[in-house]
Amino acid sequence: MAHFSTPDAPRFSVEVYQNEYLPEGGREVNAIITVTSAGGGATAGPPIPAPAHGGYEDAPGAYDSASGRGGGSPRAAVVIMVDCSGSMDYPPTKMRHARDATAAAIDTVRDGVAFSVVAGTHKAVEVFPGNGRLAIADPLTRAQAKEALRSLSPGGGTAIGTWLLQADLLLGSVDAAIRHGILLTDGRNEHEEPQRLRTVLDACAGRFTCDARGVGTDWEVEEVTGIAAALLGTADIVADPAGLAADFTRMMETAMGKEIADVSLRLWTPKGAEVAYVKQVAPTVEDLTARRVEAGPRAGDYPTGSWGDESRDYHLCVRVPAAEVGQEMLAARVSLVQPVPDGVGSPPSPLAQGLVRAVWTDDLAVSTAMNPQVAHYTGQAELAQAIKQGMNARKSGDAEQATAKLGRAVQLAATSGNEDTAKLLAKVVDVLDVAAGTVRLKAKVAEADEMTLETRSTKTVRVKK
């Protein structure tokens, strides 16, 4: 394990869990990489000081990037995007809960953080502070923002890509290290082509992170989870609008705890070796393989987003050249880095790094033993896939396939200790034999239970080390 730190930043560490022993001619090396950051977070150090107001009559406390008015660059910036489409009026209490949730999130924004509220329909309207600016959080601007929420009313369509583009413009107007969005929707993205949303997500990836929430049951799981995956945030369902305020508060508290942004997992592999895949496996399963950005000879960067006080696990699989018994090699060097723009300064020292090894042996018992961490997360990834395949089969009317896949999911959830997922599965199937994975599809399943299982299917539990 190696760890490094920089002034006023979290201290990172990397731990590598693997069985480095391969049989003669073996080529595949698997390892779980645990990355932990500590010493930052919302509780580390004094609060960010609130800058003096910039004196704008139309938007007191606003930060203006061109003039620098508003007390200098904020350390963090956040944009809250609230669905205000016509469907938010059904039932009428949904809009009220959305306003209350947004107010709760605003109350959680720390002093000195730049923030804005956007109302999303078939267009994006800045609710506060307006005119393409962000406000600097302090007691006055928070009160003004909450007063501005009175103007939120349902009406119009849903074009989520437009909301995200507006958030990108706002967040890009300040020189903040942490840039974050919170997006709430209650419906499907019906007023723009699916490809447009995909294009917008590609454009916004790496520019800011975003948590996405679906309220009620009329939204599309793949849209909401796709937004979160592309923008390295979290996705969840809030089936009962009354739960929005608590959820928004938790999301904003987490966002306020981020201390370092744009961290990448850099993998260097020796000549002849290649990366088969890189997956985040805790706290959720997310395949990062296709997101590789070349970072020099035989090295590539995989984005991990922003960090506070937290720990995440990654599954790395590397294919190495076959070798004879007794030989050993460095299969990969894993580093945590903050890439610098082209031509700007020299590459920084790694925030942390670890080594993945390969050793060839003729001891069959040693070479065939699977590392407990690797085995656990291989099962967790299979669990997420089994749920996805099972629910898709259920929707298409393939009861046999659905029963088989969801039965396997029940089995995997039990053996890995994923109790939360097991409880969600029990709302979709009758469990007859946990150990054997024998289940029967329920005849009637609440739509909210279906969507909750699908949305949270990638959530994992940590391996007991």
Side-chain angles (χ1 to χ4, degrees), residues 1-17 32-49 74-78 104-105 107-115 137 176-182 208-213 228 231-236 246-266 279-286 288 302-315 334-339 348-354 373 377 420 458-465:
M1 176 178 71
H3 50 73
F4 306 89
S5 62
T6 56
D8 302 317
R11 181 182 177 87
F12 279 83
S13 64
V14 167
E15 296 174 278
V16 177
Y17 299 92
I32 297 299
I33 314 298
T34 295
V35 179
T36 303
S37 67
T43 59
I48 304 171
R75 195 163 70 196
V78 61
D107 278 334
T108 313
V109 177
R110 296 173 65 195
D111 282 355
V113 170
F115 76 102
I178 306 295
R179 301 173 303 280
H180 192 74
I182 289 178
F208 66 95
T209 56
C210 185
D211 294 323
R213 294 293 184 268
L231 302 183
L232 300 175
T234 64
D236 206 350
D247 188 75
F248 265 46
T249 299
R250 286 192 297 270
M251 274 196 293
M252 189 61 79
E253 285 174 344
T254 300
M256 292 300 99
K258 301 298 184 182
E259 292 289 327
I260 185 167
D262 302 328
V263 177
S264 291
L265 193 70
R266 176 168 294 175
K279 298 178 182 178
Q280 177 184 283
V281 288
T284 58
V285 177
E286 188 64 49
L288 302 177
Y302 301 83
T304 68
S306 303
W307 289 73
D309 281 345
E310 59 189 296
S311 181
R312 307 178 200 169
D313 291 338
Y314 298 87
H315 186 170
V334 183
S335 305
L336 270 293
V337 299
Q338 278 188 296
S349 299
L351 301 169
Q353 68 178 26
Q373 281 79 10
Y377 285 121
D420 289 342
T458 60
K459 291 188 177 182
T460 59
V461 291
R462 304 298 291 270
V463 64
K464 295 179 181 179
K465 298 174 182 176

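Under a 4.0 Å N-O distance rule, the pair K459/D420 does not qualify as a salt bridge. Classification of R179 and D262 as a salt-bridged pair holds, one side-chain N sitting under 4.0 Å from a carboxylate O. Here R250 does not pair with D211 in a salt bridge; the nearest charged N to carboxylate O distance is not below 4.0 Å. Taking the charged nitrogens against the carboxylate oxygens, E310 and K258 do have a contact shorter than 4.0 Å, which makes a salt bridge.
In this structure, the side chains of V109 and M252 come closer than 4.5 Å at one or more pairs of heavy atoms. Side-chain contact between I178 and R75: absent, with no pair of heavy atoms (C-beta onward) separated by less than 4.5 Å. Counting heavy atoms from C-beta on, the side chains of S311 and R462 come closer than 4.5 Å. Contact annotation: the side chain of Y17 never approaches that of I33 to less than 4.5 Å [non-hydrogen atoms, C-beta and beyond]. The side-chain heavy atoms of L265 and L288, taken from C-beta on, include no pair separated by under 4.5 Å. For the pair V35/W307, a side-chain contact is recorded, criterion being any heavy-atom separation below 4.5 Å from C-beta on. Between Q280 and L232 there is no side-chain heavy-atom pair separated by less than 4.5 Å.
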| L336 and Q353: side-chain contact (heavy atoms from CB on, under 4.5 Å), yes or no, with the steps? | CA-CA 6 Å; L336 270 293; Q353 68 178 26; over 6 Å; no

| request: Evaluate the criterion side-chain contact (heavy atoms from CB on, under 4.5 Å) for residue pair V337 and L351; output intermediate values, then yes/no. | output: CA-CA 6 Å; V337 299; L351 301 169; 6.0 Å; no

| said: Quick one, T34 with Y314, criterion side-chain contact (heavy atoms from CB on, under 4.5 Å). Give me CA distance, side-chain angles, the key distance, then yes/no. | reply: CA-CA 6 Å; T34 295; Y314 298 87; over 6 Å; no

| task | For side-chain contact (heavy atoms from CB on, under 4.5 Å), just list the numbers for D313 and Y377, CA-CA rounded to whole Å, side-chain angles, deciding distance to a tenth of an Å, and then say yes or no. | result | CA-CA 9 Å; D313 291 338; Y377 285 121; 2.4 Å; yes

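Every residue two or more places apart in sequence or in another chain that forms a ring-ring contact (aromatic ring centres under 6.0 Å, His included) with F115 is listed here: F128.
From H180, atom NE2 reaches atom SG of C210 across 6.5 Å, with rounding to the nearest 0.5 Å. Here the CG atom belonging to D309 is positioned 6.0 Å from the OG atom belonging to S37, to the nearest 0.5 angstrom. Distance check, rounded to the nearest 0.5 Å: CZ of R213 to CZ of F248 gives 8.0 Å.
R312 places no side-chain N or O within 3.5 Å of a backbone atom of T284 that could act as its donor or acceptor partner. Although no hydrogens or angles enter the test, the distance criterion places no donor-acceptor pair under 3.5 Å between the side chain of S264 and the main chain of Q338. No donor-acceptor distance shorter than 3.5 angstrom exists from the side chain of T209 to the backbone of G233, with no hydrogens or angles considered.
Between T249 and A104, the closest heavy-atom pair is OG1-CB, 3.5 Å. A177 and A261 make their closest contact through O-CB, 3.0 Å (heavy atoms, listed as atom of the first residue, atom of the second, distance).
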